[in-house]
Novice: 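Below are the structure tokens for one structure; questions will follow.
Note that this is a predicted model, so its numbers are computed, not measured.
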Amino acid sequence: MLKKMISGCAVCALVMTATTFGDVYSVDSESPTAAAQNDIYQSDVLGAGPHVHVGLSDYDISLLFEDIDALSGGLDSVDGSDVVYFSVDRVSGLSSGTFGPFIETVAGQAARGQQASDIFVSVDEFGFEAQPGSGYHLLMKNQRRLGLQPAGGSLFAPVGAPGQFFTGQQDNLNAYSQEEFDVFGNDGDPDRPIFFSLASSGALGTTSGADILVFDPQNGAVEMFATAAMLGLTDNDNIDAMALNLAIDFTSGDVLGGSIYY
């Protein structure tokens with residue numbers, strides 16, 4: 001069992017600079033990728049393609065129709081860097097009447113019906129890491145690199161009012177981690193812990209979308225890692241993104257310390 005000793009710190013981030021680059025993610029239940037493919041669910045951790053990197057419902061069937069909306073391998077680098085990787089939802093950028101100075105911004109991608117399936121990074125106007133309040137961000141990975149679907153018609157639409165030309169739903173990249181979990185063998189069985197939270201509650205005895213769960217590869221089970229109350233949250237809160245920087249003893253399975261950003 002993974003044992004815990006953690007401290008909490010709140011920040012609006014999805015993933016901060018990580019130690020390896022695996023590009024694993026999940027999509028929400030309204031994404032056409034999840035709806036169109038019987039073997040992809042919103043509880044799956046996916047890799048580019050997309051393909052199922054780890055199907056968590058294989059280890060606990062109660063997760064089958066649950067929606068993973070925060071994901072971490074526990075090894076995110078949160079050492080003071082202001083470089084943050086993040087995703088947005090389908091309505092982000094739509095309030096802007098223009099597409100911004102670059103097409104590689106949230107508003108620019110919204111004008112093409114692609115923003116919810118992209119990954120962005122915080123930078124300044126010169127491409128360096130952003131300073132607090134600078135307000136700059138750029139597209140880091142387009143949805144095509146992950147195999148996700150934009151809104152219908154977006155590849156051929158002219159630039160105009162955001163979302164004006166599109167029909168149909170686009171994929172929503174709902175959680176993201178740069179740490180792969182199936183490191184050895186690539187057989188679908190995770191070798192490292194998977195920390196995650198759910199958009200809803202009730203599965204596995206959770207009472208809140210602000211609970212953090214963990215898949216423990218030592219016993220092949222999903223366990224509670226941190227309750228909403230432990231994080232100073234209420235049961236009505238929902239963790240929608242998180243980055244965990246933990247000291248993990250992979251021999252014993254103990255978490256020796258670290259921080260949680262959410």
Novice: Take Asn236 and Thr234 through the test side chain to side chain donor-acceptor pair (under 3.5 Å) and record every step on the way to the result.
Specialist: CA-CA 5 Å; Asn236 293 325; Thr234 72; 4.8 Å; no
Novice: Do Ile68 and Gln42 touch side chain to side chain, with heavy atoms closer than 4.5 Å?
Specialist: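 A side-chain contact under 4.5 Å is absent here.
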Novice: Are any non-hydrogen side-chain atoms of Asp67 and Leu198 less than 4.5 angstrom apart?
Specialist: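 They are not in contact (no side-chain heavy atoms under 4.5 Å apart), so the answer is no.
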Novice: Evaluate side chain to side chain contact (heavy atoms under 4.5 Å, CB included) for Ile239 paired with Phe196, printing each intermediate quantity in order.
Specialist: CA-CA 9 Å; Ile239 294 176; Phe196 63 98; over 6 Å; no
Novice: Can you name the nearest heavy-atom pair linking Ala210 to Leu231, along with the distance?
Specialist: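 Shortest heavy-atom separation between Ala210 and Leu231 comes out as O-CD1, 3.8 Å.
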Novice: Are the aromatic ring centres of Tyr85 and Phe120 under 6.0 angstrom apart?
Specialist: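 When the ring centroids of Tyr85 and Phe120 are compared, they turn out to be at least 6.0 Å apart.
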Novice: Looking at CG of Asn174 and OG of Ser117, how far apart are the two atoms once the value is rounded to the nearest 0.5 Å?
Specialist: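 Interatomic distance, Asn174 CG to Ser117 OG, rounded to 0.5 Å: 12.0 Å.
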Novice: Using the side chain to side chain contact (heavy atoms under 4.5 Å, CB included) rule, take Ile194 and Val222 through it: C-alpha gap first, then chi angles, then the decisive distance, then the call.
Specialist: CA-CA 9 Å; Ile194 304 174; Val222 178; over 6 Å; no
Novice: On a heavy-atom basis, which atom in Ser92 and which in Ala110 lie closest, and how many Å separate them?
Specialist: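 Nearest pair, atom of Ser92 first, then Ala110: O-CB, 3.6 Å.
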Novice: Show your working on side chain to side chain contact (heavy atoms under 4.5 Å, CB included) between Phe86 and Val121 and close with a plain yes or no.
Specialist: CA-CA 6 Å; Phe86 64 96; Val121 61; 5.8 Å; no
Novice: Taking it one step at a time, do Gln169 and Arg90 satisfy side chain to side chain donor-acceptor pair (under 3.5 Å)?
Specialist: CA-CA 9 Å; Gln169 192 74 280; Arg90 295 181 181 92; 3.0 Å; yes
Novice: Determine whether the side chains of Gln170 and Gln143 contain a donor N or O and an acceptor N or O closer than 3.5 Å.
Specialist: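 Side-chain D/A pair, Gln170 to Gln143: absent.
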Novice: Kindly compute the distance separating CG (Leu173) from OG (Ser87), expressed to the nearest 0.5 Å.
Specialist: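 So the CG of Leu173 and the OG of Ser87 are separated by 5.0 Å.
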Novice: So, for Leu138 and Thr105, which heavy atoms are closest and what is the spacing to 0.1 Å?
Specialist: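 Between these two residues, the closest heavy atoms are CD2-CG2, 4.5 Å.
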Novice: Go through it in stages, so that I can follow the logic: the residues are Ser31 and Asp28, the test is side chain to side chain donor-acceptor pair (under 3.5 Å), and I'd like the CA-CA distance, side-chain angles, deciding distance and then a yes or no.
Specialist: CA-CA 6 Å; Ser31 294; Asp28 69 7; 2.7 Å; yes
Novice: Counting N and O atoms only, with roles assigned by atom type, does the side chain of His53 sit under 3.5 Å from a partner on the main chain of Asp182, one being a donor and the other an acceptor?
Specialist: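 Yes; judged by distance alone, with no hydrogens or angles, the pair exists.
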Novice: Would you mind telling me which of Val54, Leu146, Val27 makes a side chain to side chain contact (heavy atoms under 4.5 Å, CB included) with Leu46?
Specialist: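 One option only clears the test, and that one is Val27.
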Novice: For Ser72 and Ala243, indicate whether the former's side chain and the latter's backbone hold a donor-acceptor pair under 3.5 Å.
Specialist: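 No; zero donor-acceptor contacts below 3.5 Å.
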Novice: Quick one: closest heavy-atom pair of Tyr25 and Pro50, and the distance?
Specialist: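 The pair with the smallest heavy-atom distance is OH-CB, 3.2 Å.
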Novice: Which distance, rounded to the nearest 0.5 Å, do you find between the CZ of Phe195 and the CG of Asp76?
Specialist: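 If we round to the nearest 0.5 Å, Phe195:CZ and Asp76:CG are 10.0 Å apart.
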Novice: So, does Asn238 use its side chain to make a donor-acceptor pair with the main chain of Asp240 at under 3.5 Å?
Specialist: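 A pair under 3.5 Å: no.
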Novice: State the OG-OH distance between Ser29 and Tyr41, to the nearest 0.5 angstrom.
Specialist: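 Here the interatomic distance stands at 13.0 Å.
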Novice: Return yes if a side-chain donor-acceptor contact under 3.5 Å exists between Tyr176 and Asp23, otherwise no.
Specialist: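 Result is yes, a qualifying pair exists.
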Novice: Looking at CD1 of Ile212 and CG of Leu71, how far apart are the two atoms once the value is rounded to the nearest 0.5 Å?
Specialist: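 Atom-to-atom, Ile212:CD1 and Leu71:CG are 11.5 Å apart.
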Novice: So which heavy atom on Ala175 is nearest to which on Ala70, and how close?
Specialist: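 The answer is CB-N, 3.6 Å.
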Novice: What distance separates Asp171 CG from Gln114 CD, expressed to the nearest 0.5 Å?
Specialist: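 CD of Gln114 is found 11.5 Å from CG of Asp171.
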Novice: Which atom pair, heavy atoms only, marks the closest approach of Asp118 to Gln109?
Specialist: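 Taking Asp118 first and Gln109 second, the nearest heavy atoms are OD2-OE1, 2.9 Å.
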Novice: Given side chain to side chain contact (heavy atoms under 4.5 Å, CB included), test Leu213 with Met224 step by step and report yes or no.
Specialist: CA-CA 5 Å; Leu213 302 169; Met224 180 68 70; 4.0 Å; yes
Novice: Are Ser26 and Asp44 close enough, and set up right, to give a side chain to side chain donor-acceptor pair (under 3.5 Å), and what steps lead you there?
Specialist: CA-CA 6 Å; Ser26 71; Asp44 289 332; over 6 Å; no
Novice: Counting the benzene-type ring for Trp, do Tyr59 and Phe215 have ring centres under 6.0 Å apart?
Specialist: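 Tyr59 vs Phe215: aromatic centres under 6.0 Å.
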